[in-house]
S.K.: 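This structure is in C-alpha cells; I'll ask about it shortly.
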Amino acid sequence: MNGSHKFSFSKLFVYLILILAAFFSIFPFYWMFVMATNNNSAINSLPPAYIPGKELVTNFTNVINTIDFFGAMWNSVIVSTITTIGVLFLCSLAGFAFAKFHFKGKNVLFIAILVTMMIPPQLGLIPQYYIITQLDWLNDLKAIIVPGLIDAFGIFWMRQYISSNVPDELVDAAKIDGCSNIRIYWNIAVPVIIPAFATLAIIKFMYIWNDFLWPLVVLREESSFTIQVALRGLIDNYVRDNGMILSGTFWATVPLIIVFLLLNRLFIQSLTEGAVKS
C-alpha cells in the first residue's frame, strides 16, 4: 500500500513539474498574443493586461498598412523552405559519405568541418558580402539561399545518426547485390533517417526564418525583404505602437509553430532513439 502511494506521489510530482515547464514555455507566446490584442494604453498600464483585448484586427490592419507583411512572409517561406530542403539533401549525402565510406583524409576533413562550428558567423560577413557582390546577387533571395545550403551541424548530425542507425552489414549486403552508392543512400539510408530529417528541418527552418543580420545586409528593396527585416519597419523613432509591433511579431511566429507541430512526432522520435552516440 505504501509503495503504491509512493508511486502515485512520484507520478504526481512529475506531472506538476511538466505542467510548470509547459506553462513557462507557453506563457511568452500567450503574453505576446495578449499584447497584440491591446492598445498602447492597456499595454503600459499598471498592472498590465493579462487577458486578450479587442484590438487584434486593428493592430494587424496597422501592420499591413505599414509594411508589405504578406510579401515578406512569402519571401521568408521561399527562402526557408528551399534552404531547408537543400540542407536536408546535401547534409544527408555528406553525412552518409562520412559514416559509411572509407577514403583518405576522412577524419581530418570531418574535424575541419566541426571546427567551422566554432567560428562566429559574423566573421564571415565581409568575405560573403564580397562574393555576393561579385556574383551580382545583391537584393536577390539567392544571396540568402545559396550560402545556407551547407551546414556544418547538419553534416555532423546526419553522420552521427546514420552511423548509429544504418548497419554496416546492410550496406555491405546491398553492395554485394550490385546496388550503387546513390541507390543505397536513397533506398536504405533515407527511410531510416526520416526522424533525423525532421529534427534538422525544424532547427534549420527556424534559424533561416529568424535570421536578421545577413538578410539586412544583402537585401535593399522592400519587395525582397524577408519577414524579420520587414518587421524592423514597424519601429518608429518617435512614436512606438507596441500593439502593432507585437501583432506583426505574433503572426510572424505562427509558421514556426505550424512547422514544429507538423514534425513534432518525428522530432521526439529522433531524440528518444538516442541518435547521437559517443
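Note that the numbering runs from 1 along the sequence shown for the chain.
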S.K.: Report, as yes or no, whether the 6.0 Å neighbourhood of atom CD1 on Ile126 holds more than 12 heavy atoms from other residues, nucleotides or ligands.
M.R.: no

S.K.: CZ of Phe103: more than 12 outside heavy atoms within 6.0 angstrom?
M.R.: yes

S.K.: List the atom of Ala201, the atom of Leu88, and the distance in Å for their closest heavy-atom pair.
M.R.: N-CD2, 3.9 Å

S.K.: Look up atom CD1 in Ile145 and atom CD1 in Ile208, then write down how far apart they are to the nearest 0.5 Å.
M.R.: 9.5 Å

S.K.: Give a yes or no on whether Met32 atom CE has more than 12 heavy-atom contacts from other residues, nucleotides or ligands under 6.0 Å away.
M.R.: yes

S.K.: With a 6.0 Å cut-off on the ring centroids, do Phe98 and Phe156 count as close?
M.R.: no

S.K.: If you take the centroid of each ring, where Trp contributes its six-membered ring, are Phe260 and Phe205 closer together than 6.0 Å?
M.R.: no

S.K.: Applying the 4.5 Å side-chain criterion to the ILVMFWY set and letting contacts propagate, would Phe23 and Tyr50 be lumped into a single cluster?
M.R.: yes

S.K.: Any side-chain heavy atom of Lys175 sitting closer than 4.5 Å to one from Asn181?
M.R.: yes

S.K.: May I ask you to test the Val190-Phe96 pair for a side-chain heavy-atom distance under 4.5 Å?
M.R.: no

S.K.: Using only atom types and a distance under 3.5 Å, with no angle test, would you say the side chain of Asp151 pairs donor to acceptor with the backbone of Cys91?
M.R.: no

S.K.: Determine yes or no for a side-chain-to-main-chain donor-acceptor pair under 3.5 angstrom, with Asp177 supplying the side chain and Cys179 the backbone.
M.R.: no

S.K.: Tell me whether Ile257 is reachable from Phe27 by hopping between hydrophobic residues (I, L, V, M, F, W, Y) whose side-chain heavy atoms are closer than 4.5 Å.
M.R.: yes

S.K.: For Glu55, run the side chain to side chain contact (heavy atoms under 4.5 Å, CB included) check against Asn39, Thr61, Asn62 and tell me which one passes.
M.R.: Asn39

S.K.: Is it true that the NZ or CZ of Arg159 lies under 6.0 Å from the centre of Phe110's six-membered ring and within 45 degrees of the ring axis?
M.R.: yes

S.K.: Kindly compute the distance separating CG (Leu141) from OG (Ser76), expressed to the nearest 0.5 Å.
M.R.: 9.0 Å

S.K.: In terms of heavy-atom contacts, does CG of Asn65 have more than 12 from other residues, nucleotides or ligands at under 6.0 Å?
M.R.: yes

S.K.: Flag the pair Val87 / Ile150 as yes when at least one side-chain heavy-atom distance between them is below 4.5 Å, and no otherwise.
M.R.: no

S.K.: Near Phe101 CZ, under 6.0 Å, is it more than 12 heavy atoms from other residues, nucleotides or ligands?
M.R.: yes

S.K.: Are Trp214 and Tyr129 close enough that their ring centres sit under 6.0 Å apart?
M.R.: no

S.K.: Can you tell me if Asn139 uses its side chain to pair, donor with acceptor, with the backbone of Arg220 under 3.5 Å?
M.R.: yes

S.K.: Give a yes or no answer on whether the side chain of Lys106 reaches the backbone of Ala99 with a donor-acceptor pair at less than 3.5 Å.
M.R.: no

S.K.: Are Trp137 and Val146 close enough that some pair of their side-chain heavy atoms sits under 4.5 Å apart?
M.R.: yes

S.K.: What are the two closest non-hydrogen atoms of Pro28 and Ser25, and how far apart are they?
M.R.: CD-O, 3.5 Å

S.K.: Please check if the side chain of Asn242 supplies one atom and the backbone of Met35 the other of a donor-acceptor pair under 3.5 Å.
M.R.: no

S.K.: Give a yes or no on whether the backbone of Trp209 and the side-chain of Gln228 come within a donor-acceptor separation of less than 3.5 Å.
M.R.: yes

S.K.: I'd like to know if the side chain of Tyr161 pairs up with that of Ser92 as donor and acceptor (distance under 3.5 Å, no hydrogens or angles considered).
M.R.: no

S.K.: Looking only at heavy atoms, what is the nearest atom pair of Ala252 and Ile227, with distance?
M.R.: CB-CG1, 3.7 Å

S.K.: Quick check for you: to the nearest 0.5 Å, what is the distance between Asp241 atom CG and Leu246 atom CG?
M.R.: 9.5 Å

S.K.: In sequence, state the C-alpha distance, the side-chain angles, and the governing distance for Met117 and Leu114, and then conclude on side chain to side chain contact (heavy atoms under 4.5 Å, CB included).
M.R.: CA-CA 5 Å; Met117 296 172 62; Leu114 295 183; 3.9 Å; yes

S.K.: To the nearest 0.5 Å, what is the distance between CD1 (Ile182) and CG (Asn187)?
M.R.: 11.0 Å

S.K.: Hey, any chance Ile19 and Phe24 share a hydrophobic cluster, counting ILVMFWY side chains that come within less than 4.5 Å of each other, even indirectly?
M.R.: no

S.K.: After noting the C-alpha distance and the side-chain angles of Ile193 and Ile162, does the key distance pass the side chain to side chain contact (heavy atoms under 4.5 Å, CB included) rule?
M.R.: CA-CA 7 Å; Ile193 63 176; Ile162 292 172; 3.7 Å; yes

S.K.: Hey, does Thr66 have a side-chain heavy atom less than 4.5 Å from the side chain of Met244?
M.R.: yes

S.K.: Is any side-chain heavy atom of Pro52 closer than 4.5 Å to one of Phe33?
M.R.: yes

S.K.: Just verifying a value: how many Å separate Ser224 OG and Asn75 CG, rounded to the nearest 0.5 Å?
M.R.: 7.0 Å

S.K.: Report, as yes or no, whether the 6.0 Å neighbourhood of atom CZ on Phe29 holds more than 12 heavy atoms from other residues, nucleotides or ligands.
M.R.: no

S.K.: Between the side chain of Thr37 and the main-chain N/O of Leu56, is any donor-acceptor distance below 3.5 Å?
M.R.: no

S.K.: Give the minimum heavy-atom separation between Ala152 and Thr116, together with the two atoms involved.
M.R.: CB-OG1, 3.4 Å

S.K.: Where the side chain of Asn38 meets the backbone of Ile43, is there a donor-acceptor pair that is under 3.5 Å apart?
M.R.: no

S.K.: Taking a hydrophobic cluster as the set of Ile, Leu, Val, Met, Phe, Trp and Tyr residues connected by side-chain heavy atoms closer than 4.5 Å, whether directly or through intermediates, do Trp31 and Phe250 fall within one such cluster?
M.R.: yes

S.K.: Would you compute the distance between atom CG of Leu200 and atom CE of Met158 and round it to the nearest 0.5 angstrom?
M.R.: 5.0 Å

S.K.: Apply side chain to side chain contact (heavy atoms under 4.5 Å, CB included) to residues Thr249 and Ile245 and explain how you reach the verdict.
M.R.: CA-CA 6 Å; Thr249 305; Ile245 295 172; 4.3 Å; yes

S.K.: Does the side chain of Val34 come within less than 4.5 Å of Ile51's, by heavy atoms?
M.R.: no

S.K.: Flag yes if Ile85 and Val259 sit in one hydrophobic cluster, no otherwise; membership is Ile, Leu, Val, Met, Phe, Trp, Tyr, and two members link when side-chain heavy atoms are under 4.5 Å apart.
M.R.: no

S.K.: Under 4.5 Å between any side-chain heavy atoms of Tyr207 and Ile203, yes or no?
M.R.: no

S.K.: Here's a test for you: under side chain to side chain contact (heavy atoms under 4.5 Å, CB included), which of Leu216, Val77, Leu219, Asn210 qualifies with Thr226?
M.R.: Leu219

S.K.: With side chain to side chain contact (heavy atoms under 4.5 Å, CB included) as the test, would you mind laying out the steps for Thr83 and Lys204 before giving the verdict?
M.R.: CA-CA 8 Å; Thr83 305; Lys204 192 63 181 180; 4.1 Å; yes

